[in-house]
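Any value given below was found using the heavy atoms of this structure, including those in side chains, with hydrogens, waters and symmetry copies removed.
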Amino acid sequence: MTTAGTPTLAADGERLACTVVEPAVPARPGTALLMHGAGNSGRHRCLPLARELAAAGCRSVVFDFAGHGESTGELGQLSLARRARQARAVLERHAPDGPLLLVGFSMSGQTVADLLGEPDIGDRVRAIALGAPAAYAREVRELPFAAPEFTATLRSPGSWRSSTAFETFAAFDGRAVLVLPDTDEVIPAEVTNALDAALRTRAAYTRLVLPGADHMLGTWLSGHPEHRAQVAAALLGDA
């Protein structure tokens, strides 16, 4: 298994720090793209799962969104729309064709949905995994995170119901894995339940609840190899 760091230039001008994990023996077609959450998160939280997937023969790519980790840019100027565009730039650079597996933690649950909604990408996606995922009102898609309107909308009760994630996931007919902590102090239970219902509509669906885990699932999985292997197996269809 080999690891290489190769930056990607996004359409918005940011340089995105990327890590590509190549399996020693590529036993599976396609590439897994793993995306971290918000706040002080970064690609380091996704690397243990990426290496787990590579050990099972699946090429994996992780990167820092702008304003995170080693990427350029300011976090406050990032938006959900820019996140989706940056993920697309990484795919165009590191996985321009072939089957895709998309993995998104927390805020990147919405990013997975946004990518699925783009036909040229969505048609390539064979499996998704969502770790303690969030869903966001479609009205905030283009707003910078530092904009007062972004926070005000998030604090508005039920604003998440207008998210595009629910209809997108309900239409997905590939393999879907929902990974949850037994207690999530960040994502409201009603959001999780609505995402669960959408994923059950057409997908080959697996719900994994990890006892003792918290919302920071990427970090938690790094210290729990048996559960990390369980998540990888479910995503790859080996469970």
Side-chain angles (χ1 to χ4, degrees), residues 1-4 18-37 43-63 87 90-91 94-95 97-106 108-109 111-113 115-116 121-133 168-182 192 195-214 216-239:
M1 183 167 56
T2 59
T3 303
C18 301
T19 300
V20 180
V21 186
E22 301 279 2
V25 180
R28 303 171 189 270
T31 300
L33 178 69
L34 292 82
M35 296 173 285
H36 65 78
R43 75 189 193 278
H44 62 283
R45 293 188 180 177
C46 298
L47 269 172
L49 181 56
R51 292 182 177 124
E52 191 78 40
L53 291 168
C58 180
R59 180 176 184 267
S60 298
V61 178
V62 298
F63 72 101
V90 172
L91 288 175
H94 297 290
D97 51 38
L100 294 173
L101 297 81
L102 301 180
V103 180
F105 290 96
S106 194
S108 283
T111 310
V112 168
L115 292 174
L116 273 179
I121 294 177
D123 289 348
R124 297 167 55 199
V125 178
R126 301 294 178 264
I128 62 173
L130 308 172
T168 301
F169 290 145
F172 181 61
D173 60 0
R175 192 163 52 253
V177 184
L178 180 61
V179 187
L180 303 170
D182 53 9
T192 300
L195 289 168
D196 175 276
L199 291 165
R200 290 178 183 275
T201 306
R202 297 186 65 194
Y205 178 59
T206 301
R207 175 178 171 133
L208 298 177
V209 179
L210 306 181
D214 56 23
M216 303 298 186
L217 282 179
T219 300
W220 189 87
L221 285 170
S222 69
H224 294 80
E226 69 284 5
H227 293 294
R228 192 169 66 240
Q230 182 184 18
V231 171
L235 178 63
L236 294 172
D238 295 341

Run the salt bridge (charged side-chain N to carboxylate O under 4.0 Å, His left out) test against Arg124 and tell me which residues pass, sequence neighbours left out. none
Heavy-atom pair with the smallest gap, counting every atom of [X] and [Y]:
X: Val61; Y: Arg59; value: CG2-NH1, 4.2 Å
X: Gly218; Y: Phe105; value: N-CE2, 3.8 Å
X: Gly212; Y: Asp182; value: N-OD2, 3.0 Å
X: Thr111; Y: Met35; value: CG2-SD, 3.8 Å

Donor-acceptor pair, distance only, cut-off 3.5 Å: does the side chain of Arg175 make one with the backbone of Ala204?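 Not confirmed, Arg175 side chain does not pair with Ala204 backbone.
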Among Leu195, Val179, Leu178, which one satisfies side chain to side chain contact (heavy atoms under 4.5 Å, CB included) with Leu130?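 Checked Leu195, Val179, Leu178 against Leu130; only one passes side chain to side chain contact (heavy atoms under 4.5 Å, CB included): Leu178.
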Does the side chain of His94 reach to within under 4.5 Å of the side chain of Thr31, using non-hydrogen atoms?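 His94 vs Thr31: side chains apart.
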Between Val125 and Val112, is there a side-chain heavy-atom distance shorter than 4.5 Å? no
Output all residues satisfying side chain to side chain contact (heavy atoms under 4.5 Å, CB included) with Ala232, sequence neighbours left out; order by chain, then residue number.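 Counting only residues at least two positions away or on another chain, Ala232 forms a side chain to side chain contact (heavy atoms under 4.5 Å, CB included) with Leu49, Glu52, Leu53.
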Side chain to side chain contact (heavy atoms under 4.5 Å, CB included) involving Ala129 - partner list, sequence neighbours excluded: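 Per chain and number, Ala129 pairs via side chain to side chain contact (heavy atoms under 4.5 Å, CB included) with Val103, Val177, Leu235.
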Among residues at least two apart in sequence or on other chains, which ones pass side chain to side chain donor-acceptor pair (under 3.5 Å) with Arg126?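 Here no residue qualifies.
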Ser60: partners by side chain to side chain donor-acceptor pair (under 3.5 Å), with sequence neighbours left out: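 With neighbours one apart ignored, the set is empty.
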Phe63: which residues meet the ring-ring contact (aromatic ring centres under 6.0 Å, His included) condition with it, sequence neighbours left out?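 ring-ring contact (aromatic ring centres under 6.0 Å, His included) check on Phe63 returns Phe65.
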Measuring from atom CG of Leu210 to atom CZ of Arg228, what distance do you get when rounded to the nearest 0.5 angstrom?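 Output value for this atom pair is 12.0 Å.
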